[in-house]
Each structure stands twice: as structure tokens, then as C-alpha cells.
Amino acid sequence: MATLALPVLAPGLEAPPLAPARRRDLCTDCGVSRSADPARCGRACQFINPRYEELERQVHGRARDAARPDELHFGPFLEMVRARLAAPRPGAQWTGIATRLGERLLETGAVDAVLATAADPRDRWAPRPVLVTDPAAMAACRGMKMGYSPLLALLDTAVARGYRRLAVIGIPCQVHALRALQRELGLERLDVIGTPCSDNTTTARFHEFLALLTPRPGEVTYLEFRADYHVELRFADGTVREVPFIRLPIAQLPPDFIPLTCRACFDYANALADLTVGYMGGDGEQWLLVRNARGRELLALLGDELGTTALTTRGRRRGAVRAFLAAVERAAGGMPLRRAPGWARPLIAWAMPRFGPRGLEFARTRVEMKVLEGIVNLRAHRPHRVRGMVPGQAWTLAAPYGVRPRAGERPATGAREA
């Protein structure tokens, strides 16, 4: 990955130059390997030394409780709601809740700076880690980026500047490493706004995907995988196109389009954040998981700007998850994916949003799919890593589908089977 060499993008928005990444197996380039002490990867990385339960206790005061509804799937939380900003922000992926929270933290003086990800000026889809000190500059961080963002490399810069009150907006692998290192940073305050993450790829590969979706890839300004089983594309001329999941060109993508690292992640819901801001459980709105008292403080910053409603859930996930498991097992074995026949695709596209899992059931579906994907792919490609990487709750979620630990595959140290 090229060094990000342009230090100042706009007033209050800096992108300090980054050191090269160190080569690691199963790495998402969270930025720790680019820091002054790259050896910290060994104690921070969820793919080297996963510490899910230990860090849940450190951050939330307790680990996830299987007796509490949905905690096994989503991690510890105090409440979950559907939400949207009353005045959606232009350029935001949904209504802009995550970046608005960053603005409010800076506006109120609660933090000195926010670590977030903006778009590279040379490519709107390429992520660029930035240090934000002006509330207005948070607007540059709106919208989806696709690729690896070495966000935590900026911790060195923040600490060197004397910033002791930070907010971080990050994905699960970044947040796990941040929490593992938190006590070493000497911070007075740390607010963590997490976004769920399911799969990632390189920016170059994402451009290949866009080219398969549309003959006008360079004109796409917005892409979202929606919970109604469609991908939404918006174009520079204002036109919108919706592509049913069943019609996506998945079989045309190379096997490593989604790197093994992302296919072996067990924290879709970003369980170590103070507040998780996503959409999978929102059924057309955003999905907020308030995980601790700090998360409640964050939500309170938005006041009347935020409208919330109760979550919905409908449909059943078992059939969809079983079908996904069969496809993953087939793909992990090197066999080609089976495509639905052409005549059946319109019928499937019609039926999925009407009868498939929606709301919280959709989110549970995706978590169980990711758990099974992780176990199957580690067994196929890194069998020696299964024992250390698969947490106890993953085995519990996988058990109804007949996937259980084999000899030598006990849960990772520090994780428990619920």
C-alpha cells in the first residue's frame, strides 16, 4: 500500500505520512504495524492474539451473556434501537449518525481530536486515515470507502501532539487492537464509535466489482448493500439502480476477492465499541447498539436531532444460513459455486425481501453466516489457527448447523462456551 504523503487536506483535517506496513499473516492493516512499536501487533491483533472476552470485561464491565437475548450474536449491550437523523447529512452513507457524533464531540470540547477515515482525494473509494480537530472537517469522513485504512497508525501522532482526549470511529479489527492497547496510551478519555464490518477488499478489487455491476463504474457515487436484499447504486447524474443480491456477479469474482482475513473474522458487530452504528438490524434505518454508559453519553449528544423507534424482526434464518454454509463449504473446497438458473432468479429476487429474514433476524442471519464462514475457511486454509482464533460463542452459534469443535479445536484461551 502506498504511503499517504499529503499531510493536510483541509483546515482541521490532517493525514500524516505513514510508515510502510509490516508483513503479517491474516492482516487488515489496522495501522499498528506502521506505528513506532510494530511489535505491539502480537498483543493487540485479533488475528494473532484474540482477547474477546477479556476485553469485553475491560470495556463493558462484563462479557456477553448467553442468557440475555441477542448478546451471544451481537456482544454486550444495554439497548438496541432503530434510528435516523432528523436532518440527514449530504454525502452520508445513511443519515450520518457516526460522523455527526464526531462533530458533536468536537463541538462540545469533549475530545481534542477524532481519528476517522476520509476518502483519498485521488480516488473517492480509497480510504485515508485522518486526524480531525475541526467539527466542520468531519463532513469529509462521510460515506463508504472500500479498502484497508491503517487508522491506528495515527495514535502516535495524536499522542505526540499532546492530545489526551480522543474519539475513534473504526471497524472491529481496528477497535480490538485499540482496546488491547488502550491502557498503554495514557489517555484521559477515549470514545469509541464502532461500525459493523462483514467483508472488505482492496480498493483496486472493488473497482473491478463496480465494473461488473455497471458499464458506468466511474460515475458511481454511492453503493450500499441494503437489508432488503438489494444493492443500491447512485450515479453522478442522479439516477439510481437497484440490483437484487441474487443477480450480483459473485461467481465472476476471484476466490480471494474477499481476503481470508476478513473471511475469518468473528466480530461482525464491533462488540468492543461504546456505541455501534450499523444498519443490518435496522430494517431500512440505522441500527444502534448502546453498549455501556459511555455509549449512552454519546447518544445523548444528539438530543432531538435523532429519532428512534423499536426494532423489528421477522422471517426465519435457519434455511438461509444452511444454504450459505453449503455454498461456503463448496467454495472452501475449491469447487465452483452453483448459480441459480436464469429462469429462477427473478422469482428468487421477488421472494427474498418478502419472505427472507428482516430486521434483527437479518442481523442474526449475517452473524451466523460469518461465524460459519470463519470456521470453514480457517479449517480449509489455516487449520492450525482454528484453536486460537475461534471464540467460544462462535462454536455455540455454529452448533445448530452441525459445526462443532473437532479434536484440538477447543475455544481460544480466555473465551468461554456459552
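For clarity, every value in this text was computed on a predicted model and none was experimentally measured.
A salt bridge does not link R316 to E361: none of the charged side-chain nitrogens sits closer than 4.0 Å to a carboxylate oxygen. Here R161 pairs with E14 in a salt bridge; the nearest charged N to carboxylate O distance falls below 4.0 Å. Using a cutoff of 4.0 Å between basic side-chain nitrogens and carboxylate oxygens, D256 and R205 are scored as salt-bridged. Comment: R382 engages D25 in a salt bridge, judged by a side-chain N to carboxylate O separation of less than 4.0 angstrom. The existence of a salt bridge linking D283 and R314 is confirmed by a sub-4.0 Å separation between a basic side-chain nitrogen and an acidic carboxylate oxygen. Salt-bridge check for E53 with R57: passed, with a basic side-chain N closer than 4.0 Å to an acidic carboxylate O. A salt bridge between R291 and D274 is absent, with no side-chain N of the basic residue lying under 4.0 Å from a carboxylate O of the acidic one. Checked for salt-bridge contact, R294 and D191 meet the test: a charged N lies under 4.0 Å from a carboxylate O. Electrostatic pairing of E232 and R234 counts as a salt bridge here, judged by a charged N lying under 4.0 Å from a carboxylate O. In this structure, E56 does not pair ionically with R179, as no charged nitrogen and carboxylate oxygen lie closer than 4.0 Å. A salt bridge between R89 and E305 is present, with a side-chain N of the basic residue lying under 4.0 Å from a carboxylate O of the acidic one.
Within the 3.5 Å criterion, the main-chain N or O of T117 finds a donor-acceptor partner in the side chain of K145. At distances below 3.5 Å, at least one donor-acceptor pair connects side-chain atoms of N377 with backbone N or O atoms of E373.
The 12-atom threshold is exceeded at CZ of R62, counting heavy atoms of other residues, nucleotides or ligands nearer than 6.0 Å.
H73 and Y268 have their aromatic ring centers separated by at least 6.0 angstrom. Taking the centre of each ring, F74 and W287 come in below the 6.0 Å mark.
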Quick one: do D199 and K370 satisfy salt bridge (Lys or Arg N to Asp or Glu O under 4.0 Å)? Show the steps, please. CA-CA 9 Å; D199 296 307; K370 288 301 298 177; 2.8 Å; yes
Can you check salt bridge (Lys or Arg N to Asp or Glu O under 4.0 Å) on E409 and R379, steps first, answer last? CA-CA 10 Å; E409 291 184 345; R379 281 176 169 173; 2.8 Å; yes
Between Y229 and F362, is the ring-ring contact (aromatic ring centres under 6.0 Å, His included) condition met? List the steps. CA-CA 10 Å; Y229 302 92; F362 184 83; 5.3 Å; yes
N270 and T276: CA distance, side-chain angles, deciding distance, side chain to side chain donor-acceptor pair (under 3.5 Å) verdict: CA-CA 7 Å; N270 213 328; T276 298; 5.4 Å; no
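For R226 and Y279, the positive end is not near the middle of the six-membered ring at less than 6.0 Å and at most 45° from its axis.
Annotation: side chain of L397 is in contact with side chain of L72 (closest heavy-atom distance under 4.5 Å). Counting heavy atoms from C-beta on, the side chains of W125 and D120 never come closer than 4.5 Å. Annotation: side chain of T261 is not in contact with side chain of C173 (no heavy-atom distance under 4.5 Å). In this structure, E224 and W94 have side chains that are in contact, with non-hydrogen atoms separated by less than 4.5 Å. Here the side chains of L178 and Q174 are not in contact, with every heavy-atom distance at 4.5 Å or above. When side chains are defined from C-beta on, L78 counts as touching R296, because their heavy atoms get closer than 4.5 Å. When side chains are defined from C-beta on, T133 does not count as touching D112, because their heavy atoms never get closer than 4.5 Å.
The distance from the CG atom of N200 to the OG1 atom of T28 is 8.0 Å, given to the nearest 0.5 Å.
Residues meeting the side chain to side chain donor-acceptor pair (under 3.5 Å) test with E285, sequence neighbours left out: R84.
Screening R64, H176, Q393, Q46 against Y52 for a side chain to side chain donor-acceptor pair (under 3.5 Å) leaves a single residue, Q46.
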